[in-house]
Amino acid sequence: MRFMTDRYAVFGHPIAHSKSPLIHAAFARQTSQDMIYETILAPLEGFADAIAQFRRHGGRGANVTVPFKEQAFALATQRTPRAELAGAVNTLIFDDARLLGDNTDGAGLVADLTRNLGIVLAGKHILLLGAGGAARGVIGPLLDCSPATLIIANRTVGKAHDLARHFGNQVEGCGFDQANTPFDLVINATAASLEGELPPVSPQVFRSGTLAYDMMYGKALSPFLSLAQQHRASVADGLGMLVEQAAEAFFVWRGVRPDTRPVIESLRAA
Ligand code: NDP
C-alpha cells in the first residue's frame with residue numbers, strides 16, 4: 001500500500017517561467033487527485049540523471065520541455081505510436097520497470113482548434129510554419145483530422161522536405177516564398193515569436209475567414225498574429241494548446257479528464 005502523495009514534475013532548462021504547475025494544481029483540485037507537481041531545472045548535461053533521481057524519490061511521471069524532448073525520446077524504454085511519429089517526448093510515465101514516453105502536443109493543438117475554437121479540420125487547407133520539434137509533433141494528429149492539404153513551410157527548406165518525406169508525402173514541404181496563396185488555417189510553429197520576430201510569411205496566405213494560430217502565447221499579439229489581423233484573419237495564441245496538452249498528460253497519468261475551460265479562462269485573466 002502507498003501512503004505518499006503522488007509526485008509529478010516538469011523538467012526543462014530554463015523552467016522558472018513554466019505555467020504547468022499552476023495548470024496541474026488546478027486539474028488536481030478539480031478532480032480531487034492526491035498529487036503534487038513541481039518544476040525541476042535539469043542541468044543541460046544532466047537530464048537523464050535528474051529523471052533517475054526523481055524516480056528514486058517517488059516520482060510517478062514527468063513533463064519534459066525545451067531543450068530535453070529529444071533526450072526524453074531516447075531515454076524512454078517504450079514509446080506510444082504518437083511519440084514515435086513525433087520523434088519527441090513531452091510526457092513520461094514511470095512504473096516499476098518501464099519508462100513510457102508519450103507526446104501530447106499534437107492532441108493538445110487539435111483539442112484547442114476543434115473543441116475550444118470550433119474549427120472543423122476535415123477538408124481544410126492548412127499551412128504549418130516551422131519544421132522543429134513542435135511542428136513535427138502536431139503533423140500526425142493534424143493528418144488524422146483529414147485536411148485537404150497540409151503544407152509545411154520552413155526557413156531551412158531542406159528540413160521541410162525531410163519532414164514531408166517522414167510523413168510519406170501526405171504533406172508537402174516548401175520554403176516561405178513558395179507559400180503565397182490563401183489558407184483556411186495558418187499555424188506558426190516557428191520559434192520566431194519567442195524572439196519577437198516575424199517569420200517571413202507572405203501576407204497572401206491570409207484572407208477573411210483564415211484562422212491564424214500562434215503556438216506561442218502572451219499578453220500582446222505576436223508580430224505573426226498582428227500581420228494576420230491586418231489582413232483580416234481571425235487570430236488565436238497557444239495558451240489553449242498549452243492547457244490541452246497538459247490535460248492530455250494528466251489523463252495519461254491519472255485516468256481522469258479535467259475540464260480545461262475554467263483553467264484557460266483563469267490563466268487568460270491572470
Ligand atoms: P525548435 O527550436 O525545435 O524549432 C524552431 C523552428 O523555428 C525551426 O523550424 C526554425 O527554422 C524556426 N525559426 C526560428 N526562428 C525563426 C525566424 N526568426 N524566422 C523563421 N523561422 C524561424 O522549436 P520548437 O519547435 O520546440 O518550438 C517552436 C514554438 O512552438 C516555440 O515558440 C514554442 O514556444 C512553441 N510551442 C508551444 C507549445 C504550446 O503548448 N503552446 C508546445 C510546444 C512548442 P530553421 O529550421 O530554419 O532553423
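Counting starts at 1 for both ligands and their atoms, in listed order.
- Which parts of ligand 1 touch P200 is read off a 4.0 Å heavy-atom cut-off, strictly below it: atoms 19 (N), 20 (C).
- Below 30°, between 30° and 60°, or above 60°: for W253 and H24 the angle between ring planes is between 30° and 60°, a tilted geometry.
- Ring centroid separation for the pair F250 and F27 comes in under the 6.0 Å cut-off.
- Atoms of ligand 1 found under 4.0 Å from any heavy atom of G130 (numbered from 1 in listed order, with element): 9 (O).
- In terms of protein heavy-atom proximity, atom 43 (C) of ligand 1 is nearest to K69 NZ, 3.8 Å.
- Taking atom 26 (O) of ligand 1 as the reference point, the nearest protein heavy-atom neighbour is A134 N, 3.8 Å.
- At the top of the distance list for atom 38 (C) of ligand 1, counting protein heavy atoms only, stands M241 CE, 4.0 Å.
- In this structure, the side chains of F183 and K124 stay at 4.5 Å or more apart for every pair of heavy atoms.
- With contacts defined as side-chain heavy-atom distances shorter than 4.5 Å, the pair N188/S193 qualifies.
- Those atoms of ligand 1 that come under 4.0 Å of a heavy atom in A131, given as number and element, are 9 (O).
- Checked by atom type and distance alone, the side chain of N90 pairs as donor or acceptor with a backbone atom of T104 at under 3.5 Å.
- With respect to the salt-bridge test (charged N to carboxylate O, under 4.0 angstrom), the residues R55 and D95 do not qualify.
- Protein heavy atom closest to atom 16 (C) of ligand 1, with residue, atom name and distance, is R155 NH1, 3.2 Å.
- Salt bridge status for E248 with R82: present, with a side-chain N to carboxylate O gap under 4.0 Å.
- Atom 48 (O) of ligand 1 lies below 4.0 Å from at least one non-hydrogen atom of the protein.
- At a 3.5 angstrom cut-off on N or O pairs, L194 does not count as close to ligand 1.
- For ligand 1, the polar-atom distance check finds no N/O of F176 at less than 3.5 Å from any of the ligand's N/O atoms.
- Taking each of A88, S20, S193, G133 in turn, the one with a heavy atom nearest to atom 3 (O) of ligand 1 proves to be G133.
- Residue contacts with ligand 1: A191 is placed with a nitrogen or oxygen under 3.5 Å of a nitrogen or oxygen of the ligand (distance criterion only).
- Between I152 and the choices L129, I126, V171, the side-chain contact (heavy atoms from CB on, under 4.5 Å) rule is met once, by V171.
- Backbone and side-chain nitrogen or oxygen atoms of E197 are examined, and one is located within less than 3.5 angstrom of a nitrogen or oxygen of ligand 1.
- At the top of the distance list for atom 11 (O) of ligand 1, counting protein heavy atoms only, stands N154 OD1, 3.4 Å.
- Seen from the ring of F54, R7 does not count as a face-on cation partner, given the 6.0 Å and 45° thresholds.
- Within 6.0 Å of CD on E195 lie more than 12 heavy atoms contributed by other residues, nucleotides or ligands.
- Of the protein's non-hydrogen atoms, A189 O, 3.3 Å is the one closest to atom 28 (C) of ligand 1.
- What sits closest to atom 4 (O) of ligand 1 on the protein, heavy atoms only, is G132 CA, 3.4 Å.
- In terms of protein heavy atoms, atom 46 (O) of ligand 1 is closest to K159 NZ, 2.7 Å.
- For the pair K159 and D162, the salt-bridge criterion is not met [side-chain N within less than 4.0 Å of a carboxylate O].
- The option from L163, T190, D237, V66 that lies nearest to atom 12 (C) of ligand 1, judged by heavy atoms, is T190.
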